[in-house]
Amino acid sequence: MEKIQVKLPEGKIIEVASGQKIQEVASSQGINSNVIAAKLDGAPVDLDRALSRDCSLDWISMNSPEGVDILRHSTAHLMAQAVQSLFPGTQVTIGPTIEDGFYYDFRREKSFAPEEIEKIEARMRELATLDLKVTREDMPREKAIGLFRGLGEEYKVEILREIPEETVSLYRQGDWLDLCRGPHVSSTGVIRAFKLTGVAGAYWRGDEKNEMLQRIYGTSWPTEEALREHLRLLEEAKKRDHRRLGKELGLFMVSDAIGPGLPLWLPKGAIVRSILERYIVDLERSLGYQHVYTPQLARVELYQRSGHWDHFKDNMYPPMLFEDKEELVLRPMNCPHHIMMYQHELHSYRDLPLRIAELGTMYRYERSGVLSGLSRVRAMTLNDAHIFCTPEQIQSEAVGVLRLIEQVYRDFGFTDYWHRLSLRDPKDRAKFVDSDAMWDNAESCLRHALSEVGVVYKEALGEAAYYGPKIDVQLNDVLGHGETVSTVQLDFYLPERFGLEYVDTDGQRKRPVMIHRGVVSTMERMMAFLIEHYAGNFPLWLAPVQVKVMTVTDQQKEYAQKVFEDLTRGGWRAQLDDRNEKLGYKIRQVQGERVPYAVVIGDREVRDQTVSPRRRGGEQLKPMSLKEFNDLLRLEVANKISHQQSAGS
RNA sequence: GCCACCCUAGCUCAGUCGGUAGAGCAGCUGAUUCGUAAUCAGCAGGUCGCCGGUUCGAAUCCGGCGGGUGGCUCCA
């Protein structure tokens, strides 16, 4: 028999008989059972694949990202097999892996009831126990189309029609088969630690004009421990959910009577918000921004002129018509108002860059299904600013904004974020306004700005807005999910639409560039993010209540009152708990309220004229004078220190 | 907007087969005077989201509406 040479991962070269399967090579090399697939000359393949020529092999362990992805994909297949065996007539469509799991979309008249999901999961376990061999089969595409048509799988037929290759691959396990590129695990017994996590409707091909399919979500892991750990993390994340903490800590509320997506900021939430607002306004003023106030209504013509009416109408509240005269709309953006301010007088190049900023309250009609707590609302206040500048100033202005963002993130302790530079797709000329020269200049300005600030970034071709390129800063939340928080967007379009001008050194009137930028996003979204980021444990400078003074018994009421008053006079947000309750009870409560400091006043403190501070989380400081305590607090606020601690109970 | 699920005291939740509602915490009253995550006792608290239907009888079954949750779609 013909021999071939196989290069193993460690560099060793062995000779095997042609036609030998990768699985056999693995066994002969004593490769452990965590290997669920292999790379043949760099391409992922099944262990079942037979070797026919000289090649190099690499193992894919299910503990690697690539391996777990294969495992999840195979689990999706297992689920589809279970579904089709339990519910004949259900058609399969697509079943990809996603972060931490997988889903499969089915076509079925009825949706899946919770009991049915349990049955599916139980059947999956049966099928896994049977340890069915998973085998691959290549087939001419036309033959596969015939096969799936025969099975009544119209969606697979549709998918097959769009595959350019003449040969496609099928995977069989038991009497079930699916069209799939692979690779897959070698048998269903490899799949052990999985759980179905949800059902949802999903449009075929993601288009809401198409019919709705039934999607089942699941997750799958190499070991039971990994699965349990994943589920535990989800539970942890739930405890940090800003909607839950917002209610628990009395930060905000929503009322049916007022309307969905229209949150109310309760006193404690309002304190955090006002600190946040003062912080960003002060910072921006120090950097040359001019803060303004403008109304939340405008004539509909303003938005027709800006182009928002055409592009954004679906997200705007309908116009209010007053006595058949003027039509007013709630503004969905602030830029036109700021543009009016710019146009209010003639500008010289000496005025530029002009940075107009506002905590701009605006209203957007979000579809009911997308509303969520404070992170997706219909009334919001944006940390907005529009920089009017010359094309030459773009880079330095962008650098300024990026540095501002860096500083703010440092102050809030955000470390997990990245920059995305969204560029035009030069091939897609219809989508992007203005000239190539303008775009080239703008894009290179942003690129240079990013490297000047020294941040790493990813470029996203074709992701630019139609009016200009932009930089988005993606902040990852506790679960690692990215969210655009800060953004720097160049705009050539609005200056054109409104005919903005400035008088240049040569006396000529020229067109300025606009930069839309947001740093702390909307107050609503930032609040949601901060709650989750700190798990409700706001650092001292942000905490709605900073210090709770508590007595051990009624004997210390008088001194405690004095301490409380001193702290309040000193500008601290303090509360007094002199109720006739046991200290342990008060401590438990203050910990639940996530107040950063409790100061305990007992007989000893009265005698020595001291306070005994206790940090949230349990750290007890030694008794100290009120002055020492004040200094401690002051230092902590000045440095925006956030004491690390667990999420708490 | 679409699909599924959920809505019971201020909060978290129980409520069997359709027979008119229950706990813990919080609140109030009293006792207790206590040193770093729950002192004890008593009291009070409800249009079971809303509207309609079935039924002798509905928190429970059916329909509609509202709100929420998870997805889909959308997200300048």
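We name chains A, B, ... by the order of the sequence lines, and we start the count at 1 in each one. Owing to the predicted nature of the structure, the values given are computational and were not obtained by experimental measurement. Computation of the quantities below employed the complete heavy-atom set of this structure, encompassing side-chain atoms and omitting hydrogens, waters and symmetry-equivalent molecules.
- At the phosphate of A4(B), OP1 or OP2 sits under 4.0 Å from a side-chain N or O atom of Ser111(A).
- Heavy atoms of Lys247(A) sit under 4.0 angstrom from primed sugar atoms or phosphate atoms, though from no base atom.
- With respect to Glu397(A) and Arg517(A), no salt bridge is recorded, no charged nitrogen being found less than 4.0 Å from a carboxylate O.
- Looking only at distances, a side-chain donor or acceptor of Lys156(A) sits under 3.5 Å from a matching main-chain atom of Thr93(A).
- One can place CG of Leu262(A) at 15 Å from C1' of G68(B), the figure rounded to the nearest angstrom.
- Checking A4(B), G1(B), U33(B) against every side-chain atom of Glu208(A), the shortest atom distance belongs to G1(B).
- Neither OP1 nor OP2 of C72(B) sits under 4.0 Å from any side-chain N or O of Arg205(A).
- The NZ-P distance, from Lys586(A) to U33(B), rounds to 15 Å in whole Å.
- What separates CG of Asp314(A) from C1' of C75(B) is a distance of 12 Å, to the nearest Å.
- For the 3.5 Å distance criterion, the side chains of Gln296(A) and Tyr363(A) qualify, holding a donor opposite an acceptor.
- We find that CZ of Arg215(A) is positioned 7 Å from P of U73(B), with the value rounded to whole Å.
- Between C75(B) and G18(B), the two P atoms lie 47 Å apart (nearest whole Å).
- Comparing G10(B) with C72(B), their C1' atoms are spaced 35 Å from each other, to the whole Å.
- Comparing the P positions of G24(B) and G42(B) gives an interatomic distance of 10 Å, to the nearest angstrom.
- The side chain of Lys582(A) approaches C34(B) more closely than any other nucleotide in the set A76(B), C34(B), A38(B).
- Both Met333(A) and Val370(A) sit near RNA chain B, but only Val370(A) has its closest nucleotide nearer the 5' end.
- Residue Gln489(A) is out of contact with every strand shown, counting any heavy-atom pair closer than 4.0 Å.
- C7(B) and C48(B) are spaced 14 Å apart, taking the P atom of each and rounding to whole Å.
- With hydrogens and angles ignored, the 3.5 Å screen pairs no side-chain donor or acceptor of Asp603(A) with any backbone N or O of Glu605(A).
- Among the heavy atoms of the strands lying under 4.0 Å from Tyr466(A) is at least one base atom, whether or not backbone atoms are also near.
- Met212(A) places its CE atom 9 Å from the P atom of C2(B), with the value rounded to the nearest Å.
- Lys557(A) places its NZ atom 14 Å from the C1' atom of C34(B), with the value rounded to the nearest Å.
- Contacts of Thr487(A) with the nucleic acid, taken as non-hydrogen atoms under 4.0 Å apart, are absent.
- Take the nearest nucleotide of RNA chain B for Arg604(A) and for Glu581(A): the residue whose nucleotide is more 5' is Arg604(A).
- A donor-acceptor contact under 3.5 Å is formed by the side chain of Arg367(A) with the base of U73(B).
- Tested against Thr551(A) for a side-chain hydrogen bond (donor to acceptor under 3.5 Å, both in side chains), the candidates Lys586(A), Arg579(A), Gln556(A) yield a single pass: Lys586(A).
- Residue Pro114(A) places its side chain closer to C5(B) than to any other of C5(B), G71(B), U39(B).
- Below the 3.5 angstrom threshold, one finds no donor paired with an acceptor across the side chain of Tyr467(A) and the base of A76(B).
- Nucleotides A14(B) and A76(B), compared at atom P, are 40 Å apart to the nearest Å.
- Separating the CD atom of Glu366(A) from the P atom of C74(B) is a distance of 13 Å, rounded to the nearest angstrom.
- Within 4.0 Å (heavy atoms only), His308(A) reaches at least one base atom of the nucleic acid.
- The pair Lys119(A)-Glu116(A) does not count as a salt bridge, with every side-chain nitrogen at least 4.0 angstrom from each carboxylate oxygen.
- Residue Tyr597(A) forms a side-chain hydrogen bond (donor to acceptor under 3.5 Å, both in side chains) with just one option from Lys548(A), Arg615(A), Gln546(A), Arg614(A), and that option is Arg615(A).
- For the residue pair Tyr217(A) / Arg215(A), a side-chain donor-acceptor distance below 3.5 Å is found, with atom types taken as modelled.
- In this structure, Glu628(A) contributes its side chain and Ser625(A) its backbone to a donor-acceptor pair below 3.5 Å.
- Of the candidates Tyr467(A), Phe498(A), Tyr466(A), Tyr493(A) forms a ring pair (Phe, Tyr, Trp, His ring centres under 6.0 Å) with just one, namely Tyr466(A).
- Among the protein residues, Ala202(A) comes within range of the sugar-phosphate backbone only, with heavy atoms under 4.0 Å from sugar or phosphate atoms but none that close to a base.
- For U36(B) and G70(B), the P atoms lie 40 Å apart once the distance is rounded to whole Å.
- Between Arg243(A) and U69(B) there is a side-chain polar atom (N or O) within less than 4.0 angstrom of OP1 or OP2.
- The same atom, P, is picked in C50(B) and in G67(B); the two are 15 Å apart, to the nearest Å.
- At a threshold of 4.0 angstrom between heavy atoms, the contacts of Asp256(A) are confined to the sugar-phosphate backbone, with no base atom among them.
- Residue contacts shown for Asp603(A) include a base, since a base heavy atom lies under 4.0 Å away.
- Between the side chains of Thr219(A) and Asp100(A), no donor N or O sits under 3.5 Å from an acceptor N or O.
- Scanning RNA chain B for stems, defined as runs of 3 or more consecutive Watson-Crick or G-U wobble pairs whose donor-acceptor distances all fall under 3.5 Å, gives the following ranges: B:1-7 with B:66-72, B:10-13 with B:22-25, B:27-31 with B:39-43, B:49-53 with B:61-65.
- Regarding contacts with the backbone of A37(B), every side-chain N or O of Arg594(A) stays at 4.0 angstrom or more from both OP1 and OP2.
- Between A23(B) and G19(B), the distance separating the two C1' atoms is 22 Å to the nearest Å.
- Looking at every heavy atom in both residues, Arg331(A) comes nearest to Thr361(A) through NE-O, 2.9 Å.
- Using a 4.0 Å heavy-atom cutoff across all strands shown, Gly584(A) reaches sugar-phosphate atoms only and no base atom.
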Using a 4.0 Å heavy-atom cut-off, write out nucleotides 23-29 of chain B from 5' to 3' as B (base contacted by protein), S (sugar-phosphate only) or - (no contact). ---S---
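- Rounded to a whole Å, the CE atom of Met550(A) is 13 Å from the P atom of A38(B).
- Gly206(A) comes within 4.0 angstrom of the backbone, heavy atoms only, and of no base.
- Between Tyr203(A) and C74(B) there is no side-chain polar atom (N or O) within less than 4.0 angstrom of OP1 or OP2.
- Ion pair Glu235(A)/Arg244(A) not flagged as a salt bridge, since none of the NZ, NE, NH1 or NH2 atoms sits closer than 4.0 Å to an Asp/Glu carboxylate oxygen.
- Between the side chain of Glu605(A) and the base of G35(B), at least one donor-acceptor pair of N or O atoms lies under 3.5 Å.
- With hydrogens and angles ignored, a donor-acceptor pair under 3.5 angstrom links the side chain of Arg376(A) to the base of C74(B).
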